[in-house]
Enquirer: 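The structure is given below, and queries will be raised subsequently.
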2 protein chains.
Amino acid sequence: MKKKQRVSIKDISKELGISITTISFIINKKAKNRISDEVIKKVEDYIEKVGYEPNTSAQTLRTGKTKTIVFMAEDISDPFFSAVAKEMEEIAYKNGYKIIYCSTENNKDRAAELISLFQNRQVDAFIITPPENFEKEIQELITQKNEVIMLFDRRYTSTEHNYVILDNFNGAKMAVNKLISSGCKNIAYVGLKSDFSCMSERLEGYKDAIKDHQSQPISLLLPFKDVKTKAGRIQFEKFINKHTAVDGILFATNGLAINGLKGLKELHKNIPDELAVITFDDRDLFELHTPSISVLSQPVPAMATELIKGTLELLRAKNDKNEIFQKILPGNLITRDSCKLTIYDKK
Amino acid sequence: MKKKQRVSIKDISKELGISITTISFIINKKAKNRISDEVIKKVEDYIEKVGYEPNTSAQTLRTGKTKTIVFMAEDISDPFFSAVAKEMEEIAYKNGYKIIYCSTENNKDRAAELISLFQNRQVDAFIITPPENFEKEIQELITQKNEVIMLFDRRYTSTEHNYVILDNFNGAKMAVNKLISSGCKNIAYVGLKSDFSCMSERLEGYKDAIKDHQSQPISLLLPFKDVKTKAGRIQFEKFINKHTAVDGILFATNGLAINGLKGLKELHKNIPDELAVITFDDRDLFELHTPSISVLSQPVPAMATELIKGTLELLRAKNDKNEIFQKILPGNLITRDSCKLTIYDKK
DNA sequence: CTGAAAGCGCTTACAG
DNA sequence: CTGAAAGCGCTTACAG
């Protein structure tokens, strides 16, 4: 935290009597077989001594690379996304990259506006959780090839693209199997009415898990705008009152679970005796809830690592080849009191 | 989301047959009394038409201004800080600024490292929640005058500096008065062992509120590292077991409250009958908790607005004068079931 | 009222 | 193995 005056390549050149060309090559590790070891050593030592750091703007202006990644989350203040964001940052900084965040609020106009804003500001890569009905825009973005495009949490089946997602299908299966093994006979699925791949994959996982177990799926799909609202809660309560046989629920997102738990409280349902509950995404709220809520948690650190690792890899490979980075990570089942104990649980 | 090739001032100059000097003046609104209205109109129309956006790196290289603000939070994945972050972003983008986030984890070495990192990358302003024992470093940073320094959540009494904070003293008083009016006779304070101004101000507010009410303050101050740990919970439980007369608690942070609520659950304390509870900071967890928890919530949108507004103002005023921006915002008391009802509550 | 030119700090093709 | 020079896209002091 010293430094008064920034030192430039020119200063080093003057000081050491070596051309700026040579110094630049050394700084950029392009000196091998070009510059003598002696000169390399001399320059590196001096750089170390004065703590030289290249001017990013000059580099950007010259190369067109900004060393900046944009993370467009659905909502950066959502605990899941902010946890991912925090982990990513750390790794990005270590690799000399900055991250800029923004929230789409699942609004496609807003997302389009943000993308165009950041394209103007020049960024190297976008990590995006696309909003509803955004496939065309994403495709166009990928086709332009101006930036590396990495999708997160959601993918499209029609296009070949980079993504990091949860294994939603098997996650849902694990969660439902937990409900089954704890004695539930009629399991309902509460999800989002959405074209998000994660939502359809979770629903499919649910259906697959119950197919030999109960006569037919029972599901409620709420529109995105109602997830946190009273209107959504009323729809959920109606659903519960209608399907009286339901004795287990899988919530597809933590938002749905929170509103659903409020609803179950209003209906005075006893968890887990009348109704067992499990949800996607862990939050400390679920641990503290009475009773504590079982979850299928997403591996946040692993996701963040893959997201950045993949993006940096693609950034390096850019133009080299049409490399594709795809990762599907398994979730973790955390059993708590909202599922009845079974003889298999030792606790 | 079109655009193939970025258009530069040079392109405009060639197209319109006007010098780049003139165009630059018009873009930067320095055209008044220098350039004819006719030319201004012509250039502005063309810029509008082709959607010209200046190259930020070139501007930065030339002016030294990066249009970047760093927000160093204690933990950017904490709901309070991530909520503030999200609000700030929106306003910053509208003003042509980017925000970069990082987390100090309340670690002073890490904070110092981050500051030096971002100084090298050149940023215009720092919005900082300083970690413990960081006053000297902050003072040095302010003295350097390389960037605008805005403190958030914590301030120092010894130095004159910019800050946006909660009215902690009166917030704590309001919270304690709520406990008093709901019938508590022995109110304890659970806080942080810390040199943060917010912590001492809250403790003072508590002391001031109870001074005519109970014989002496009863407080537990935990070290930062134990806030979320089992060790901290055990200390808390011992404290509760020791002070059997305590029938009301004010928690100084949401983290302390969460761990404390876990402890009270383990001790099978009935809230609010045996023990009423109120905490600083609202989280949806507190609303969903059984019983729901009363809080002294911080005005997140107003804080974010003041933070950015103030920072931009100082950025504009830089060098002009030694302007100082200080804002103390009032908290909101939200009464829920963790305080007993009084005849004054209509519900 | 308008423009030619220097220079911010880099990178890299080219020459030697 | 090393260096002189052009140029990335701006801003602004200076000249007219």
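Below, read A as the first sequence line, B as the second, and so on, with proteins coming before strands; counting in each chain starts at 1.
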Enquirer: Could you work out, with ring-ring contact (aromatic ring centres under 6.0 Å, His included) as the rule, every residue matching A:Y93, not counting sequence neighbours?
Expert: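 With neighbours one apart ignored, the set is B:F118.
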Enquirer: Thinking salt bridges, do B:D124 and B:K67 make one under a 4.0 Å N-O criterion?
Expert: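 Answer for the salt bridge query: no.
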Enquirer: Taking 4.0 angstrom as the limit, do B:E90 and A:R110 come out as a salt bridge?
Expert: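 Salt bridge flag = yes for A:R110 with B:E90.
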Enquirer: Looking at A:D37 and A:K41, is there a salt bridge between them, counting it only when a charged N and a carboxylate O are closer than 4.0 Å?
Expert: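 Looking at A:D37 together with A:K41, the answer is no, because their closest N to O distance does not fall below 4.0 Å.
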Enquirer: Give each stem of DNA chain D as a range with a range, requiring at least 3 consecutive Watson-Crick or G-U wobble pairs whose two distances are under 3.5 Å.
Expert: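 Stems (3+ consecutive pairs) listed as C:1-3 with D:14-16, C:5-12 with D:5-12, C:14-16 with D:1-3.
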Enquirer: With sequence neighbours excluded, tell me which residues meet side-chain hydrogen bond (donor to acceptor under 3.5 Å, both in side chains) with B:T305.
Expert: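 So B:T305 forms no side-chain hydrogen bond (donor to acceptor under 3.5 Å, both in side chains) with any residue.
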Enquirer: Any salt bridge linking B:E306 with B:K309? Criterion: basic side-chain nitrogen under 4.0 Å from a carboxylate oxygen.
Expert: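 Here B:E306 pairs with B:K309 in a salt bridge, since their nearest N and O are under 4.0 Å apart.
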Enquirer: Tell me if the NZ atom of B:K42 is crowded by more than 12 foreign heavy atoms within 6.0 Å.
Expert: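 No.
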Enquirer: List in numerical order all residues of residues 35-48 of chain A for which some heavy atom is under 4.0 Å away from an atom belonging to DNA chain C.
Expert: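 Correct list: empty, so none.
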Enquirer: Show every ring pair (Phe, Tyr, Trp, His ring centres under 6.0 Å) that has at least one partner inside residues 20-59 of chain B, sequence neighbours left out.
Expert: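 Pairs touching residues 20-59 of chain B that pass the test: none.
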Enquirer: Before accepting this row, confirm whether a basic side-chain N of the pair A:K49/A:E44 lies closer than 4.0 Å to the acidic partner's carboxylate O.
Expert: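 No, A:K49 and A:E44 are not salt-bridged.
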Enquirer: Assign the ring pair A:F152 / A:F71 to parallel, tilted or perpendicular, where the plane angle (0 to 90°) is split at 30° and 60°.
Expert: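 Rings of A:F152 and A:F71: tilted, as their planes differ by 30° to 60°.
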Enquirer: At under 4.0 Å between heavy atoms, how does the protein contact nucleotides 8-15 of chain D? Give one character per nucleotide, 5' to 3', with B, S or -.
Expert: BBBBBB--
